[in-house]
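Scroll down for the structure; my scribbles are underneath it.
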Amino acid sequence: MAKNFYLEIKHIDKTTGARYGILHTPHGDVEVPMFMPVGTNASVKCLSPEQVKACGSGVILANTYHLHLRPGEDIVKKAGGLHAFMAYDGPILTDSGGFQVFSLKSSRTISEQGVEFRNDLDGNKEFFSPEVAIGIEEALGADIIMSFDECIPYPATHDYVEQSTERTLRWAKRGQFAHTRDDQALFGIVQGGAFTDLREHAAKELAKMDFPGYSIGGTSIGEPKDVCFKMIEDAVRYLPSDKPRYLMGVGSIDFLLEGIARGVDMFDCVLPTRIARHGTLMTSHGRINIQGAQYKEDFSPLDDECDCYTCTHYTKAYLRHLYLANEEFGKTLNSIHNIRFLIKLMEGARKAIQEDRFDSYRQEMLAKYGDERGF
């Protein structure tokens, strides 16, 4: 079992079952539910670790696959691990590379042993297995690491999903056996596609393995919204109530709120920084694209309800100018705001849970922002 890692549930909302708690990790305690910014290459794009922390971030996510390709896990290990390498003293989470392998489906071959594929950096052949993925993640040294799995495409047949889910369960056991560091929490990943029986089976089998935490994978990859929500429900109801639950790859407002209502504690996504670099900003008055001509002489803050560095120092006119001039500083300011916006949404959710009014908070936010999946 992972040392110095556990979830302390402080309150459960009476209306929805949403949870407020403290996640204790070797690199500090963080409140849940929480949103985790993604630092794919051991860096949240356009931001320093200090800027990310100033946004209120707790955990940062880094990418096992990309760091394996460049600079290589041996370099990171020699540097003292990810915390020293990227100068971030808070908790760090690494995925297993399973989603990246999923995205390279045109060049991959899946077998019981693992996955062979050509990487997207130089086209060289790579092989990932549960043991290889765990070895890389141990060398990287994050606080929270993921089991190696197959992210199942949507739609897929029941037969395919069943075979894949069973293999992912066998991989989970192999990864658990290969994992040796007691200062890392290894999460199991619930797959099962859109099939209730397979989600239930995967969740129950992983719960028997007694992981320190559990991830819900294979969602938000093109399925209808109601299907996604059912996938979450079908997994959560069979997961241990005293362990953290992590919904992978979700960052839109509606999906964050609906996930929390279904008992999820942790979320991550590249969405806020990716859209920020393209001038799309989440605001308390709806999303905007800062390149719009209406902002040319708008000398008001980006969001009058936001307390981030961007909103307290700069105007829409300036942000528009930076975007049109292709200034990197504009990407930084936009990214600060979008990350702070989602973290502030989480802060509001935590407060609402503690006051047993999360359902009204969720409805208020959804009415205000509408369907934000299209960010």
Side-chain angles (χ1 to χ4, degrees), residues 2-39 44 47 49-62 83 88-94 142-144 184-185 187 212-216 232 236 239-248 250-253 255-269 272 282 305-309 336-362 364-365:
K3 184 170 60 177
N4 301 323
F5 182 93
Y6 64 97
L7 176 64
E8 181 183 3
I9 299 293
K10 306 289 282 186
H11 191 80
I12 297 177
D13 178 72
K14 293 177 181 176
T15 60
T16 63
R19 296 130 58 93
Y20 166 73
I22 308 294
L23 183 63
H24 300 272
T25 84
H27 283 86
D29 301 339
V30 290
E31 294 179 288
V32 298
M34 67 173 166
F35 177 78
M36 303 179 289
V38 176
V44 178
L47 301 182
E50 292 78 14
Q51 288 170 323
V52 177
K53 289 192 79 169
C55 292
S57 174
V59 180
I60 289 179
L61 185 145
H83 296 89
Y88 187 71
D89 60 3
I92 298 174
L93 181 153
T94 49
D143 301 87
I144 306 170
Q184 292 181 311
F187 280 32
Y214 298 88
S215 302
I216 302 166
I232 299 168
V236 165
L239 294 176
S241 61
D242 61 339
K243 303 289 181 69
R245 304 159 179 167
Y246 163 32
L247 181 58
M248 308 174 79
V250 167
S252 61
I253 294 166
F255 273 55
L256 293 173
L257 293 170
E258 295 295 346
I260 293 170
R262 288 161 173 79
V264 176
D265 308 300
M266 305 163 60
F267 306 85
D268 83 282
C269 197
M282 305 173 177
E305 296 183 23
C306 183
D307 58 1
C308 78
Y309 176 79
I336 286 173
H337 170 75
N338 276 358
I339 287 178
R340 176 59 190 154
F341 183 87
L342 289 186
I343 290 175
K344 196 164 180 282
L345 183 79
M346 295 290 106
E347 291 172 353
R350 294 195 292 264
K351 188 172 188 295
I353 292 169
Q354 293 175 80
E355 296 173 355
D356 290 313
R357 56 175 182 84
F358 180 73
D359 190 50
S360 61
Y361 176 80
R362 172 181 58 162
E364 177 189 348
M365 294 299 105

*Without swapping roles, check the side chain of Asp13 against the backbone of Phe358 for a donor-acceptor pair under 3.5 Å.*
yes
_I need the minimum non-hydrogen distance between Gly39 and Ile60, along with the two atoms involved._
N-CG2, 4.1 Å
*How far does OH of Tyr6 sit from OG1 of Thr25, to the nearest 0.5 angstrom?*
11.0 Å
*Taking all non-hydrogen atoms of both residues into account, name the closest pair between Val59 and Pro37 and its distance.*
O-CD, 3.5 Å
_Main-chain N/O of Pro33 paired with Arg19 side-chain donor or acceptor, under 3.5 Å_ = no
*With salt bridge (Lys or Arg N to Asp or Glu O under 4.0 Å) as the test, would you mind laying out the steps for Lys351 and Glu31 before giving the verdict?*
CA-CA 11 Å; Lys351 188 172 188 295; Glu31 294 179 288; over 6 Å; no
_Residues which pass salt bridge (Lys or Arg N to Asp or Glu O under 4.0 Å) with Glu364, listed by chain and number, not counting sequence neighbours_ = none
*Which atom of Lys344 lies closest to which atom of Asp307, heavy atoms considered*: CD-OD1, 4.0 Å
*From CA spacing to verdict: side chain to side chain contact (heavy atoms under 4.5 Å, CB included), Leu247, Arg262*: CA-CA 11 Å; Leu247 181 58; Arg262 288 161 173 79; over 6 Å; no
*Where the side chain of Gln184 meets the backbone of Ala142, is there a donor-acceptor pair that is under 3.5 Å apart?*
yes
*asked:* Using side chain to side chain contact (heavy atoms under 4.5 Å, CB included), reason through Val44 and Gln51 one step at a time and then give a plain yes or no.
replied: CA-CA 10 Å; Val44 178; Gln51 288 170 323; over 6 Å; no
_Using 30° and 60° as the class boundaries, would you call the ring planes of His27 and His83 parallel, tilted or perpendicular?_
parallel
*asked:* Could you walk me through whether Glu258 and Ile232 satisfy the side chain to side chain contact (heavy atoms under 4.5 Å, CB included) test, starting with their C-alpha distance in whole Å, then the side-chain angles of each, then the deciding distance to 0.1 Å, before giving a yes or no?
replied: CA-CA 10 Å; Glu258 295 295 346; Ile232 299 168; over 6 Å; no
*Give the intermediate values and the outcome of side chain to side chain contact (heavy atoms under 4.5 Å, CB included) for residues Tyr246 and Ile144.*
CA-CA 11 Å; Tyr246 163 32; Ile144 306 170; over 6 Å; no
*Verify, without hydrogens or angle tests, whether His337 (side chain) and Met282 (backbone) share a donor-acceptor contact under 3.5 angstrom.*
yes
*With sequence neighbours excluded, what pairs up with Lys243 under the salt bridge (Lys or Arg N to Asp or Glu O under 4.0 Å) test?*
Asp210
_Tell me if a side-chain donor or acceptor on Arg245 pairs with a main-chain N or O of Asp265 at a distance below 3.5 Å._
no
*What residues form a salt bridge (Lys or Arg N to Asp or Glu O under 4.0 Å) with Asp29, not counting sequence neighbours?*
none
